[in-house]
Amino acid sequence: GAAGAKEFRLGLITPPPHIWTQAAEAFGADLAEATDGAHSVQVFPARQLGNEAQMLQQLQTGALDMAFLTIAEVSNRVPEFGALYAPYLANDIAHAGRILRDERTQGMLDPLPQEVGVVGLGFGMAGLRQIVSRGEIETAEDLAGLKLRITPFEPIRDFYNAVGAAPTPMPLPDVYDALANGQVDAIDMDAELIWILKYYEHADVVINSDHMMFPMVGLVSARVWSQLSEEERATIAELMARHIDGTIDSYIAKDEEWLAQVEGTGKPFMEVGPDFFGEAISEWEAIWGPKSGTLDMLREVAADTAE
Amino acid sequence: MTGAVFVVLLLGGVPIAVVLAMSAIFYIWASDNTLLYDSFAQQMFSGIESYGLLAIPLFMLAGELMNDGGLTRRLVNAARVFVGGFRGGLAYINLLANVFMAAIIGSAASQIAVMSRAMVPEMQKEGYSREFAAATTAAGGLLSPIIPPSMLFVIYGVLAQLPIGDMFLAGIIPGLILSAAFFLIIALIGLRQQFPKGNWMSGGEAGRAILSALPAALIPVAIVGGILGGIATPTESAAIASLIAFVLGAVLYGELKFRNLGRLFARTAVNASLVVFLVAAANVFGWVIIYEAVPQKLAAMLTTITSDPFLFFLIVNASLLLIGMVLDGIAALILVVPILLPIAVNEFGIDPFQFGVVVCLNLVLGLLTPPVGAGLYIASAMSGATPTGIFRALAPFLLSVLVVLILLSWWPALTTALID
Amino acid sequence: MLKRASRGWARLELALAAALAVAVTLMILANVVTRAAGQAIYWTDEAAIYAMIWMTFLAASASIHDRSAVAVTLVPDMLGEGFRRLFRIAVDVVVLAFALFMAWFCWRWFRPDVLIATGFDTQAFQQETFNFIYAEPTTTLGIPKVWVWLVMPLFTLGLILHALYNLVAGLRGEEPDPVSAA
Ligand code: NA
Ligand code: NA
């Protein structure tokens with residue numbers, strides 16, 4: 001039977017104007033409309049309810065109903081997801097979108113209720129990863145020994161370890177400060193934030209490497225899910241998947257635009273490809289191929305969806 | 001109901017951190033969200049998992065080392081060289097030394113304690129009233145949390161998720177305005193009542209005083225320069241300042257004794273933990289409040305009253321002055337920021353740096369207002385003047401702070417100009 | 001007995017906290033030096049933060065023994081000695097209640113009963129509880145985060161001990177016995 005009217009709490013780490021937050025708000029509005037106001041969504045942006053680890057824990061206890069999280073937090077618990085960070089899995093941002101939309105990739109969400117206690121309703125994403133550095137960089141060797149900010153999780157850490165940098169995990173709110181005053185020498189970041197949060201201002205070079213994709217996942221607490229009727233589940237699943245999927249289109253449309261704007265500022269800007277990182281990529285694959293068990297499958301998906 | 005629990009526990013004298021935690025526990029129970037209990041302890045821990053907060057023990061350590069190492073005394077003596085000979089010279093020395101010290105010490109309470117001990121007896125000796133001497137020192141202490149470094153700004157930066165270095169920059173212009181306002185007040189009071197005349201030092205004395213303090217001046221240079229120049233994080237610059245203070249105090253001045261270091265670090269740990277533990281408890285409290293969407297509800301109410309940012313600021317100023325009467329600095333900051341900041345930024349489009357400086361200045365003012373005012377009582381204890389007497393002598397200074405507050409509320413550039 | 005235990009524990013907490021304050025300082029300074037030398041160590045930030053957190057909770061617990069935690073004493077200060085004693089006892093009761101709540105929260109978080117029942121098999125623990133406390137990694141130190149989180153039960157233990165002592169001492173009309181002033 002129906003659980004009655006409910007105001008769901010949905011948490012995410014991004015600030016109100018961010019594409020993910022907008023998608024969350026739009027999902028809430030659609031859900032309210034589809035249920036004639038019976039259900040609504042209170043969005044908690046900007047880490048108001050805690051960081052992703054805390055939000056995941058709250059999803060598990062059922063204190064939080066829904067969240068849009070980076071795959072990072074999930075992959076700390078489900079190593080299969082680590083393969084989504086394979087360097088140069090996607091050739092470009094549109095290709096990243098096609099990989100995430102493939103059925104086989106979506107199938108990776110199936111074990112989440114068993115293993116993490118959350119229901120995954122679909123993938124979204126942010127832009128591809130780039131590097132912003134305070135010192136001159138010409139080759140990947142110049143990155144060696146640099147303190148380089150990363151999102152705190154293993155696949156990215158292993159990549160930069162392979163590069164020879166000192167990967168420094170740091171939550172987003174601290175990054176601007178850290179780059180500005182030299183707590184870190186470089187950052188791993190996406191085009192959107194490099195442009196909007198003006199990280200390029202404190203850099204000597206912006207490296208347009210597109211080296212990794214950065215998927216997001218829409219989650220519902222498994223405890224909360226089990227209390228919903230079939231009909232409610234269907235409505236939520238459809239609407240959330242649609243709005244998460246919409247973020248993929250947004251980034252495909254905008255990622256290049258942001259990069260062009262950064263380049264347009266006249267900041268030294270260099271475009272690099274897989275060759276730039278040399279051995280680091282195969283080193284990463286030697287770790288994560290066996291660890292994730294899904295790398296071959298994703299490579300196959302990538303090959304099938306390449307253009 | 002939670003409000004009642006909060007007020008009863010607070011006024012009953014329960015430690016504020018426990019008041020916050022118990023109110024959160026009560027609120028969770030009352031709103032039937034007992035699931036949150038499973039995350040309670042973790043939430044308390046992660047509330048202080050912050051690089052920026054490391055600055056708090058380190059700035060406290062720097063202050064302790066400076067006092068024990070004789071650096072503070074030398075800086076005060078150097079201030080004498082520049083303004084000592086004016087009529088009312090010691091009053092100006094007091095203020096100028098406070099400006100120096102504000103660039104080193106991060107909290108008003110500790111600055112007032114240090115400076116009262118150093119300045120009030122001297123001023124009394126020269127014929128100033130005890131109340132005026134204590135009031136000048138207490139007012140000078142207000143500069144401490146506004147001129148960087150500042151513990152209040154560190155905590156605000158952590159709560160508001162703002163770069164602490166930028167928050168420090170935001171305080172520089174307001175700190176200078178405030179200093180100028182206090183100099184003006186002293187000059188005006190001096191016109192009405194004849195201050196004792198001061199003495200200029202002889203050339204030799206002046207040279208020696210400056211030379212002796214010059215190395216100590218490295219510390220404000222290291223702190224402010226390190227942060228402004230983008231060489232070190234505020235946390236790192238505090239550590240560097242501690243190292244300089246240690247080397248100067250132990251080696252150059254020879255006043256810092258190794259056998260006292262254990263106690264000095266223990267004092268630092270205790271004092272820092274009082275503040276940081278408060279942040280941990282406040283984080284749980286803020287989390288519960290946000291979970292229940294309290295700020296959103298309050299915002300809806302406030303926005304029906306006004307949509308004008310300046311008017312909103314005036315309402316905030318008035319409420320904070322009231323809050324500041326019964327709650328002191330950091331504790332008050334921790335309570336109001338999670339509630340008011342989202343409203344200020346999202347509903348009224350106020351710059352978060354401007355908001356931070358205004359809120360912090362408001363709440364340091366609370367340190368000097370009865371009935372609860374740590375700064376007032378410290379000044380009283382150190383000087384022997386009654387709190388009432390000091391408060392009366394403080395009135396012109398406090399009025400000038402109100403004027404500065406209105407200026408800062410009106411004109412965002414005063415806080416944001418130095419942040420690029 | 002209770003007094004000795006509480007005082008001894010508070011001393012230990014303070015000594016550890018002071019040592020951690022030294023550690024924080026040294027780590028941040030090491031950070032400055034190694035970075036300037038181009039030899040950045042990536043785990044010092046995280047280690048320094050955890051050292052500060054341990055310092056905070058240990059010293060905060062000791063501050064309960066010392067009755068030195070920040071509080072508004074306006075009302076009790078206005079009252080006569082008899083009422084003031086009554087207030088102090090009431091405060092001790094509230095602090096003890098908080099300590100017991102914390103013990104309960106820590107129990108629900110760590111679930112030692114389930115951990116023992118599953119023979120310390122964290123996989124089985126997770127399946128049973130959907131609680132991932134034993135799986136959470138630290139981001140750079142390479143140890144499970146639960147080791148760092150252990151400060152919370154440790155803190156709680158200290159709180160209970162000190163709050164109990166305070167209450168008993170208050171009921172007997174004994175004076176506070178601060179150790180940090182020593
Ligand atoms: Na200061
Ligand atoms: Na006050």
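Lettering of chains follows the sequences in order, A, B, ..., and the numbering in each one begins at 1.
Most heavy-atom pairs under 4.5 Å with chain C, from the set A/P169, A/A53, A/A144, A/A165: that is A/P169. Your options are A/L56, A/V116, A/L148, A/L146, and the one with the most heavy-atom pairs under 4.5 Å with chain C is A/V116. When C/E46, C/Q127, C/E136, C/Q123 are compared by the number of non-hydrogen pairs under 4.5 Å with chain A, C/E136 comes out ahead.
Counting only heavy atoms from C-beta outward, the side chains of C/N31 and A/K147 approach each other to under 4.5 Å. Residues A/R77 and C/F132 form a side-chain contact, since some pair of their non-hydrogen atoms from C-beta on lies under 4.5 Å apart. Residues C/W109 and A/Q57 have side chains in contact (heavy-atom distance under 4.5 Å, counting atoms from C-beta outward).
If you measure heavy-atom distances from C/I133 to chain A, you find no contacts under 4.5 Å at all. With a 4.5 angstrom heavy-atom cutoff, C/T34 does not touch chain A via any of its atoms.
Heavy atoms of other residues, nucleotides or ligands lying less than 6.0 angstrom from CD of C/E81 number more than 12. Annotation for A/E279: atom CD does not count as buried by contact number, only 12 or fewer foreign heavy atoms lying within 6.0 Å.
Here the CD-CD distance, from A/Q60 to C/Q126, works out to 8.5 Å after rounding to the nearest 0.5 Å.
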